[in-house]
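Have a look at the structure below, then the notes.
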Amino acid sequence: MTDAADVPASQDPALEREVERQCAVLLRGVVDCVSADDLRRRLRVALRDGRPLRVKLGFDPTSADLHLGHAVVLRKLRQFQDLGHHAVFIVGGATAMLGDPSGKDKTRPQLSREQVEANARTYLAQATKVVAAHERQLGGRAGELEIRNNADWFLGFGFADFIRLASKMTVARMVERDNFTQRMKDGQPIGIHEFLYPLLQGQDSVEVKADVELGGTDQLFNLLVGRDLQADAGQAPQVCLTTRVLPGLDGVQKMSKSLGNSIGLTFSADEVFGKVMSVPDALMEAYYTLLTDLDDPQWRGLASSDPREAKAALAARLADWLHGAPAGSEARTRFDRLFRDREVPVDVARVVLPRAEVPGGRLWIAELLCRLKFASSRSEARRLVLGGGVKLDGVVVADEKHEVVLERELLVQAGKRRFARVALSD
RNA sequence: GGGGAGAUACCCAAGCGGUCAAAGGGGACGGACUGUAAAUCCGUUGCCACUGGCUUCGCAGGUUCGAAUCCUGCUCUCCCCA
């Protein structure tokens with residue numbers, strides 16, 4: 001390893017300009033950088049010697065789905081790639097089974113080997129929507145993606161190795177972590193295994209010889225542990241960069257699938273567009289800063305003069321980003337028709353029910369709604385009807401006992417956004 | 001190891017022998033308003049073709065005409081002491 005600390009500021013102005021240019025890009029949306037000076041030194045060496053930085057980012061495959069919150073830090077990794085650096089993407093096959101306590105007010109469930117493996121697959125496919133998956137020629141340098149699974153080294157980790165690793169951390173340091181202090185105060189349980197998590201993540205940095213590690217702000221502690229372990233192993237301690245956490249649709253809590261306030265990377269263009277439109281206005285700054293490369297004045301003016309337009313532009317942009325160019329504007333057209341003009345969508349799904357299952361062509365309305373998956377139980381369907389949320393051929397039907405007559409095709413609407421055209425088979 | 005407290009519906013949280021399918025809040029859903037923003041207001045929020053029935057209050061038994069509420073055992077958690 002090159003000892004970056006020994007490299008003085010270069011006398012080469014072109015080199016210094018490039019270092020500053022890269023820093024400007026890399027520090028956008030960044031909260032903590034430990035340390036910025038160190039990052040500059042490393043960039044200087046990387047540029048001078050043509051040795052790209054090894055930039056580590058790890059996710060535990062605890063859920064099969066990534067969302068825009070993950071995309072923030074994935075974009076950061078992508079920015080490093082675009083500047084010619086080397087991305088090391090860690091799939092936390094081993095750590096997923098342990099459960100990261102970061103940013104959580106309770107213990108995470110531990111996953112089985114099978115779950116982890118299944119998640120890991122869908123996972124990479126999603127991550128590479130954001131991160132460049134292949135070698136790219138940019139700035140005369142290759143920004144590569146290296147994928148590693150930490151199960152590869154932890155499965156060969158012996159008992160003695162494990163105890164030695166555990167001895168590198170003190171209880172006092174673990175306990176002083178914000179969320180542990182909070183949990184103890186709240187009388188919440190903390191498993192001993194949760195103390196081990198940061199050590200394993202830190203060990204990953206040693207294994208892959210990371211120059212930089214990325215994470216959300218709730219990851220700062222874990223990232224810093226990596227520095228200690230690297231120093232202990234005789235490596236130069238990694239630079240730790242934390243990105244701002246993206247708030248979820250509720251505008252308060254961080255985006256998280258389990259909180260149900262997320263926009264998944266696999267969501268359809270219509271879903272992405274719609275969800276973004278429902279984000280509170282106050283979040284536009286965060287979303288534009290963290291999810292686009294646009295400069296401040298480019299969207300800020302629009303946001304103050306026409307907030308809806310600013311949001312729609314962002315929504316279209318994000319849909320394009322995840323689904324390719326025309327997807328955003330197409331989604332917008334459909335959205336405007338449905339929500340602004342209050343018209344029935346053009347492409348309503350057609351559902352054909354077997355005539356044999358509908359005696360006399362008549363069907364109880366609650367039963368119909370269940371068949372269409374517009375309600376999960378008949379009781380729920382009845383309530384929906386009673387609440388005036390159901391329209392048949394555009395007319396509200398509030399009678400819970402209504403018998404639907406299916407002579408010809410019928411347009412069924414539940415709430416504002418669920419539509420179906422129902423017909424009987426011949 | 002000793003002592004104390006607790007486990008209630010998606011979440012938080014009341015209930016402490018019948019009037020409890022279980023207060024209140026949050027969330028979610030539906031409606032009004034609207035820019036699927038914010039704010040506000042209203043309704044719904046276990047299942048079942050339902051003026052009735054069935055299953056829910058950590059798990060398993062028991063007492064009682066009757067239990068979320070009382071008793072016993074078990075599981076899990078928190079606190080204090082060692």
Side-chain angles (χ1 to χ4, degrees), chain A residues 104-107 109 180-192 194 247-253 256-263 267-288 299 302-316 318-319 331-343 345 358-360 362-392 395-404 412-419:
Chain A
K104 285 283 168 176
D105 53 9
K106 56 184 168 193
T107 308
F180 282 149
T181 310
Q182 190 57 44
R183 277 165 63 177
M184 288 196 281
K185 224 176 79 189
D186 294 346
Q188 293 294 314
I190 299 172
I192 295 287
E194 298 186 73
L249 300 175
D250 58 353
V252 181
Q253 294 187 275
S256 142
K257 193 188 176 195
S258 56
L259 292 174
N261 64 357
S262 64
I263 302 175
F267 283 13
S268 70
D270 285 344
E271 285 175 305
V272 170
F273 194 95
K275 294 281 187 191
V276 173
M277 288 305 283
S278 75
V279 165
D281 287 1
L283 263 49
M284 283 301 96
E285 186 275 331
Y287 276 54
Y288 266 106
W299 54 264
L302 185 59
S304 56
S305 64
D306 187 351
R308 183 182 189 275
E309 181 53 35
K311 204 182 288 183
L314 175 71
L318 294 179
R332 177 165 190 169
T333 304
R334 283 190 293 269
F335 179 90
D336 283 346
R337 179 184 170 90
L338 181 57
F339 294 106
R340 190 192 57 194
D341 308 331
R342 291 296 180 97
E343 285 177 35
V358 186
R362 301 171 79 86
L363 193 59
W364 182 32
I365 190 165
E367 170 69 22
L368 175 64
L369 291 168
C370 284
R371 293 263 187 132
L372 296 171
K373 301 266 165 49
F374 287 175
S376 57
S377 71
R378 291 171 185 182
S379 294
E380 188 182 307
R382 290 171 63 237
R383 283 183 228 121
L384 190 61
V385 173
L386 252 13
V390 178
K391 286 183 189 170
L392 299 180
V395 181
V396 174
V397 174
D399 173 15
E400 52 160 323
K401 301 213 162 122
H402 185 79
E403 289 267 343
V404 180
V412 182
Q413 178 178 2
K416 287 190 176 70
R417 70 196 96 162
R418 286 167 292 175
F419 292 87

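Naming: A, B, ... by sequence-line order, numbering from 1 per chain.
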If we take the [atom1] atom in both [N] and [M], what is their distance in whole Å?
N: G61(B); M: A67(B); atom1: P; answer: 15 Å
N: A39(B); M: A21(B); atom1: C1'; answer: 34 Å
N: C20(B); M: G46(B); atom1: C1'; answer: 14 Å
N: A28(B); M: C11(B); atom1: C1'; answer: 11 Å
N: U45(B); M: C10(B); atom1: P; answer: 15 Å
N: A22(B); M: A38(B); atom1: P; answer: 32 Å
N: C59(B); M: A14(B); atom1: C1'; answer: 23 Å
N: A9(B); M: A68(B); atom1: P; answer: 14 Å

Just verifying a value: how many Å separate [X] [atom1] and [Y] [atom2], rounded to the nearest 0.5 Å?
X: R382(A); Y: D399(A); atom1: CZ; atom2: CG; result: 11.0 Å
X: S278(A); Y: D250(A); atom1: OG; atom2: CG; result: 10.0 Å
X: K391(A); Y: R418(A); atom1: NZ; atom2: CZ; result: 13.5 Å
X: R362(A); Y: L368(A); atom1: CZ; atom2: CG; result: 13.5 Å
X: E400(A); Y: W364(A); atom1: CD; atom2: CH2; result: 7.5 Å
X: R417(A); Y: L338(A); atom1: CZ; atom2: CG; result: 9.0 Å

For R183(A) against I190(A), the heavy-atom pair lying closest together:
NH2-CA, 3.7 Å
What's the shortest heavy-atom distance between D281(A) and P307(A), and which atoms?
OD2-CB, 3.7 Å
Let me know, please, whether E403(A) or F273(A) comes out on the 5' side of the other along RNA chain B by nearest nucleotide.
F273(A)
For D270(A) and D250(A), find the nucleotide of RNA chain B closest to each by heavy atoms; which residue's nucleotide sits nearer the 5' end?
D250(A)
Paired with [N] by Watson-Crick or G-U wobble geometry, both distances under 3.5 Å: which nucleotide is it?
N: G73(B); value: C59(B)
N: G46(B); value: C54(B)
N: A9(B); value: none
N: U19(B); value: none
N: C41(B); value: G31(B)
N: C78(B); value: G4(B)

Write out a two-atom table: protein N or O, nucleotide N or O from nucleotides 51-56 of chain B, distance below 3.5 Å.
none

Mind calculating the distance between [atom1] ([X]) and [atom2] ([N]) to the nearest angstrom?
X: F335(A); N: A37(B); atom1: CZ; atom2: P; result: 8 Å
X: D306(A); N: G35(B); atom1: CG; atom2: C1'; result: 9 Å
X: D186(A); N: C79(B); atom1: CG; atom2: C1'; result: 14 Å
X: F419(A); N: U36(B); atom1: CZ; atom2: P; result: 13 Å
X: K275(A); N: A28(B); atom1: NZ; atom2: C1'; result: 12 Å
X: F339(A); N: U36(B); atom1: CZ; atom2: P; result: 8 Å
X: E400(A); N: G43(B); atom1: CD; atom2: C1'; result: 15 Å
X: L259(A); N: A28(B); atom1: CG; atom2: P; result: 11 Å

Using the rule given for salt bridge (Lys or Arg N to Asp or Glu O under 4.0 Å), can you reason through R337(A) versus D270(A), listing the C-alpha separation, both sets of side-chain angles and the distance that settles it, and then say yes or no?
CA-CA 12 Å; R337(A) 179 184 170 90; D270(A) 285 344; over 6 Å; no
Taking the side chain as everything from C-beta on, heavy atoms only, tell me whether L392(A) gets closer than 4.5 Å to H402(A).
yes
Contact under 4.0 Å: R308(A) side-chain N or O vs U36(B) OP1/OP2:
yes
Looking only at side-chain N and O atoms, does K416(A) come under 4.0 Å of OP1 or OP2 in C29(B)?
no
Taking only Lys NZ, Arg NE, NH1 and NH2, and the carboxylate oxygens of Asp or Glu, determine whether R332(A) and E309(A) approach each other closer than 4.0 Å.
yes
Per [X] side chain, nearest of listed nucleotides [options]:
X: R382(A); options: U36(B), A37(B), C50(B); value: C50(B)
X: L384(A); options: G35(B), U36(B), C29(B); value: C29(B)
X: K311(A); options: U36(B), A37(B), G31(B); value: A37(B)

Determine the interplanar angle of the F273(A) and F335(A) rings, folded into 0 to 90°, and report it as parallel if under 30°, tilted if 30 to 60°, perpendicular if over 60°.
tilted
Indicate, with a heavy-atom threshold strictly under 4.0 Å, whether [X] touches base, sugar-phosphate, or nothing.
X: G274(A); answer: base
X: V279(A); answer: sugar-phosphate
X: P280(A); answer: sugar-phosphate

Enumerate all atom pairs, one protein N or O and one N or O from nucleotides 44-47 of chain B, separated by less than 3.5 Å.
from: C47(B); atom 1: OP1; to: S377(A); atom 2: OG; distance (Å): 3.0
from: C47(B); atom 1: OP2; to: R383(A); atom 2: NH2; distance (Å): 2.4

